Every structure is written in C-alpha cells, then in structure tokens.
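First comes the structure, then the notes that go with it.
Keep in mind that this is a model prediction, so the values were computed, not measured.
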Amino acid sequence: MKYEEINKLVAKRNDLEVKLRKQIDEKLKMLMDVRYSKDQAYRLLAGENLDFRTLKLWHTGEAMKPSSYDKLMGLIEE
C-alpha cells in the first residue's frame, strides 16, 4: 500500500470513530438520565451486534481489538 492510501484509510477510520463516539455519548447520557445503569445502557446500545463489554471498553478508551472495528462501525447511524 502506498502512503497516501494508508493516510486516507486512517483519516476515514478516525472520522468514523469520532462520529460513533459522539453518538454513543449522547445515547448513553439519555439512557442514564432515565436511570439505566451504565452496564444496562451499554447492553441496550450494543444490541445483538456485539458484546456490550467490547463497546464499553472501546468507549472508555481502555482497549479495542482490531477485529471489533467492523462490529463497532455497524452501530453508526447515518
């Protein structure tokens, strides 16, 4: 792969992650405002797409496996 292609790929991935993080922040706040616990809120947000712990780890910035990326990006709403 050429440098320009890698640079575009990284920029696109970063943009998608920022968009998803913003959406998760908003939805998590709404759910917690109506008295859902943090784990319950992550369970609702993850749905059947992925394990809620994967979403929670990614959202808190602790860890993210590269294989989880596609599942996480499936949560983005257009």
Side-chain angles (χ1 to χ4, degrees):
M1 260 185 146
K2 293 184 178 182
Y3 178 79
E4 293 83 23
E5 293 171 345
I6 294 172
N7 199 19
K8 286 179 185 178
L9 183 65
V10 169
K12 181 180 177 183
R13 182 175 173 152
N14 287 341
D15 289 342
L16 289 174
E17 285 189 34
V18 167
K19 184 177 182 178
L20 179 60
R21 189 169 302 278
K22 183 178 177 182
Q23 289 179 2
I24 297 295
D25 287 342
E26 292 172 2
K27 292 175 183 179
L28 189 65
K29 183 183 180 319
M30 289 183 346
L31 289 169
M32 291 179 67
D33 285 347
V34 293
R35 307 280 190 233
Y36 280 97
S37 73
K38 215 171 209 180
D39 283 348
Q40 289 173 325
Y42 280 116
R43 277 190 180 105
L44 289 172
L45 293 174
E48 295 180 11
N49 293 338
L50 71 154
D51 187 69
F52 83 96
R53 293 170 290 209
T54 302
L55 176 61
K56 185 177 179 179
L57 287 174
W58 171 80
H59 188 248
T60 57
E62 293 180 32
M64 185 179 105
K65 295 179 183 176
S67 61
S68 300
Y69 178 77
D70 291 333
K71 292 178 184 176
L72 283 166
M73 293 306 118
L75 297 175
I76 293 179
E77 292 181 19
E78 297 302 322

Supply the atom-to-atom distance Asn14 CG to Lys12 NZ, rounded to the nearest 0.5 angstrom. 12.5 Å
What about Met32 and Met30, same hydrophobic cluster or not, with Ile/Leu/Val/Met/Phe/Trp/Tyr joined at side-chain heavy-atom distances under 4.5 Å? no
I would like to know whether Leu20 and Leu75 meet side chain to side chain contact (heavy atoms under 4.5 Å, CB included); could you show each step before the answer? CA-CA 7 Å; Leu20 179 60; Leu75 297 175; 3.9 Å; yes
Any side-chain heavy-atom pair of Tyr42 and Thr60 under 4.5 Å: yes
Which residue pairs satisfy the salt bridge (charged side-chain N to carboxylate O under 4.0 Å, His left out) criterion with at least one member in residues 39-48, sequence neighbours excluded? Asp39-Lys56
Tell me, yes or no, whether the heavy-atom count around Lys27 atom NZ, taken from other residues, nucleotides or ligands under 6.0 Å, exceeds 12. yes
If you group Ile, Leu, Val, Met, Phe, Trp and Tyr by side-chain heavy-atom gaps below 4.5 Å, do Val10 and Leu16 land in one group? no
Nearest non-hydrogen partners of Gly74 and Asn49, listed with the distance: O-ND2, 4.2 Å
Using the side chain to side chain contact (heavy atoms under 4.5 Å, CB included) rule, take Gln23 and Ile76 through it: C-alpha gap first, then chi angles, then the decisive distance, then the call. CA-CA 8 Å; Gln23 289 179 2; Ile76 293 179; 4.2 Å; yes
Closest heavy-atom contact between Leu50 and Leu55? CD1-N, 3.9 Å
Quick one: do Val18 and Leu57 end up in the same hydrophobic cluster if we chain Ile, Leu, Val, Met, Phe, Trp and Tyr together by side-chain heavy atoms under 4.5 Å apart? no
Shortest non-hydrogen contact from His59 toward Arg21: O-NH1, 2.8 Å
Counting C-beta onward and ignoring hydrogens, is there a side-chain heavy-atom pair between Glu26 and Lys22 closer than 4.5 Å? yes
Determine, for Trp58 and Arg53, whether the Lys NZ or Arg CZ falls below 6.0 Å from the six-membered ring centre while staying within 45 degrees of the axis. no
Charged N to carboxylate O below 4.0 Å: is that the case for Arg13 and Glu17? yes
Heavy atoms from other residues, nucleotides or ligands near OH of Tyr36 exceed 12 (cutoff 6.0 Å): no
How far apart are the closest heavy atoms of Leu9 and Met1, and which atoms are they? CD2-CE, 4.3 Å
Between NZ of Lys19 and CE of Met73, what distance do you get to the nearest 0.5 Å? 11.0 Å
